[in-house]
Undergrad: 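Take a look at the following structure, please.
Keep in mind that what you see is a predicted model, and the values were worked out from it rather than measured. Both ligands and their constituent atoms are indexed starting at 1 by order of listing.
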Amino acid sequence: MKPLNIAAFTAASLFILSACSGDPETSYDTGDAPEAETSAAFADVSDDRLNNAAATPAEWLGYGFDREETRHSPLTGISKDNVGELGVAWTYDLATSRGVESTPIVIDGVMYVTSAWSVVYALDAKTGEELWVYDPDVDRAVGVNACCDVVNRGVALYEGKLYLGVIDGRVEALDAKTGELIWSEVTVDQSKPYTITGAPRVVDGKVLIGNGGAELGVRGYLNALDAETGALIWRFYTVPSPDKQPDGAASDSAFETVGNITWGEEGAWKTDGGGGTVWDSIIYDEETNSVIFGVGNGSPWNQTLRDPSGLDNLFLSSIVAVDADSGEYKWHFQTTPGDNWDYTATQTLIIATLPLGENGADRRVVMQAPKNGYFYVLDAATGEFISGNNYVPVNWATGLDENGRPIEVPEARYAEIPFLQTPGPLGGHNWHPMAFNPDVGLAYIPAQEIPQAYATDPRFQDNSTKWNTGADFAAGVPQVVPSEVFRFLRSGLKGRLIAWDPVAQEARWTVEHDGPWNGGVLSTAAGIVFQGKLNGEFAAYDAATGDELWVRDVKSGAASGPGTYEIDGEQYVTITTGWGSAYLLSAGGVAAPQPVQPTVGKVVTFKVGADGTIPDVDIPLVEATPKADEFGTDDQLAVGLVQYARNCTVCHGPFAVGAGVLPDLRWSSYTSSADAWKGVVVDGNLQSIGMVSFADVLSEDEVEAIRAYVVQQAHNADGINDAIASESGGLQ
Ligand code: CA
């Protein structure tokens with residue numbers, strides 16, 4: 001196979017809405033917390049209840065519903081017969097236009113939900129009435145450390161307390177009844193670009209939480225903190241220390257026996273931390289008293305820069321099991337040895353019992369559809385590879401060997417020549433929660449196709465604290481007119497809901513969506529699958545056939561994992577929405593011929609027979625300023641295009657087309673003068689809202705070339721608009 005020279009996909013794969021920082025959001029009055037009271041029985045979530053979540057289906061006790069994180073509710077009040085009568089019971093404004101990824105926890109009639117900047121809301125789950133709000137008051141400057149916006153996926157409840165991971169690396173315990181802070185513990189080296197976006201889990205008095213930051217350069221680990229005090233009980237590092245010496249951590253024996261020998265003696269991993277962040281999936285297997293967690297990508301991505309030895313680099317891109325009491329290593333399975341592509345194995349882990357034992361006997365397994373495109377079924381007790389198959393098209397490997405190791409295509413180990421690869425770094429499946437229905441034996445994967453051209457970044461710097469992956473985001477950026485680019489991009493981006501049979505390792509049915517970045521999945525015992533879509537719709541499908549049963553426009557990005565619960569005999573379905581959660585929501589991303597007004601994130605809750613509305617609440621933050629006059633030589637514009645792709649795309653959108661959350665630079669007043677532009681990009685005049693100086697990576701000539709390119713793109717917008725209008729159906 002030869003490297004494909006199709007260009008464009010570098011930027012295509014970075015249409016993800018936002019990252020970085022900036023805080024263009026309006027503050028809303030969130031009200032005062034009620035007077036503090038203590039109640040020992042309130043939110044009394046015990047290990048026993050968590051281990052038997054299906055026995056109390058009216059509540060949604062943990063991030064993935066149950067310990068197995070199936071997101072399969074036994075509730076059947078909403079049935080195939082009445083799902084068509086679902087209406088809006090209540091909505092609640094989350095006061096942000098940034099990314100919202102939270103799965104609500106519901107217990108004792110109270111919903112606990114998070115929003116951008118790690119703010120927690122306690123709401124009456126029946127009415128949406130606000131009970132209290134807790135804002136950890138994050139310094140907005142830390143937003144620059146967030147690879148993928150200042151999101152939060154939810155909280156944990158345990159014995160009357162609520163546990164929160166804060167974007168700046170704090171972990172905090174609140175009184176679940178009052179929202180009062182009980183303890184706060186900094187769990188990362190805050191001089192490094194760590195973030196926490198994931199939901200904690202609590203097992204036997206230990207709060208389990210990892211962190212993120214592998215795009216910027218950190219060393220990953222999983223912490224177990226004392227639920228009463230926040231004190232560290234054990235830590236499992238996923239990457240050895242730079243000198244391969246023991247850390248005095250639970251992971252020491254694992255590195256001594258299996259980990260250290262998979263790392264070379266040279267490379268950027270020694271200064272950049274090596275990556276391997278545990279930023280999402282953490283589950284507990286009661287049968288073996290194991291904590292099983294997913295490990296992220298290498299830092300930097302590019303293995304020739306990270307570790308030129310080419311060894312496997314454990315425990316990057318691995319599923320790891322440790323003893324819940326001690327954190328001692330039990331087993332691992334590495335999905336992508338020697339990760340080179342941001343192929344995290346942090347995606348949803350689900351434990352299930354499948355007929356995969358001898359003669360079809362039951363076997364307890366763990367399942368995952370990680371970024372690399374393959375669906376894995378492993379033995380939950382031993383990690384033994386049982387089976388795997390690709391759930392989306394894959395061109396970086398030709399299959400898996402008998403041990404589940406991918407058989408790589410040599411060109412995927414890219415260098416200067418770009419290799420157009422699928423999946424790209426956003427993966428065949430990202431953070432959007434997968435679900436599993438044991439009645440029909442199907443896993444529901446929010447899948448996508450977002451290829452990317454990978455090439456070695458010639459300007460890679462050791463020990464940078466900005467995006468620093470060693471993969472060139474200008475690889476394959478085309479020198480063609482924007483309308484062609486956009487047409488090409490759109491044709492290559494796909495999203496679908498796949499009902500995957502993990503025994504046969506094949507799709508049973510598939511629902512195609514308009515584009516990628518579709519939402520998390522909820523399954524119910526009524527045989528219904530709920531999922532948000534790219535275009536802001538929230539839909540219900542028949543679990544067995546994929547037939548659409550119901551759909552509703554929720555007027556914003558619907559990417560989060562939906563939840564369900566029951567109060568007074570009525571079943572509710574709920575989802576958190578957010579403008580910054582969508583991937584090119586409607587026309588706001590790909591084309592945006594004019595500024596699009598963001599909407600306010602919400603909790604939207606449905607029940608049968610309700611007839612509420614979803615109010616339009618826009619945040620007027622994008623002002624169209626007059627376009628600056630075009631300027632710049634061809635050479636200057638070419639430099640601007642490349643430098644924009646390398647430095648600006650991740651936050652401000654490819655080709656200077658705003659991705660939604662952060663300002664669309666084409667309409668920025670700062671483009672009007674070289675001095676104003678330099679003041680921001682070089683001098684850091686907007687540092688307080690998260691736009692840091694790029695003086696360390698860009699020359700002043702390059703900064704001005706980027707301005708020329710952005711202005712050119714502002715003028716090109718009219719042409720883009722015309723191109724889109726000429727296509728049938730327009731842009732959805
Ligand atoms: Ca990553």
Undergrad: Is the backbone N or O of Ala214 less than 3.5 Å from a side-chain atom of Ser299, with the two atoms forming a donor-acceptor pair by type?
TA: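 Confirmed, Ser299 side chain pairs with Ala214 backbone.
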Undergrad: For N/O/S atoms only: which one belongs to Glu215 and is nearest the Ca ion (ligand 1)?
TA: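 For Glu215, the N, O or S atom at the smallest distance from the Ca ion (ligand 1) is OE2.
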Undergrad: Would Arg201 pass as a cation-pi partner of Tyr163, given that its NZ or CZ must be under 6.0 Å from the six-membered ring centre and within 45 degrees of the axis?
TA: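 Judged by the rule, Arg201 and Tyr163 form no cation-pi pair.
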Undergrad: Side chains of Val409 and Trp396, heavy atoms from C-beta outward: is any pair under 4.5 Å?
TA: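 Side-chain contact under 4.5 Å: no.
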Undergrad: With side-chain contact (heavy atoms from CB on, under 4.5 Å) as the test, pick out the partner of Ile283 among Thr348, Ile292, Ile350.
TA: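 Answer to the side-chain contact (heavy atoms from CB on, under 4.5 Å) test with Ile283 among Thr348, Ile292, Ile350: Ile292.
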Undergrad: I'd like to know if the Ca ion (ligand 1) has an N/O/S atom from Asn297 within less than 3.0 Å of it, counting both backbone and side-chain atoms.
TA: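 Looking at Asn297, which is the residue asked about, there is an N, O or S atom under 3.0 Å from the Ca ion (ligand 1).
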Undergrad: What is the name of the N/O/S atom in Asp342 that sits closest to the Ca ion (ligand 1)?
TA: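 That would be atom OD1.
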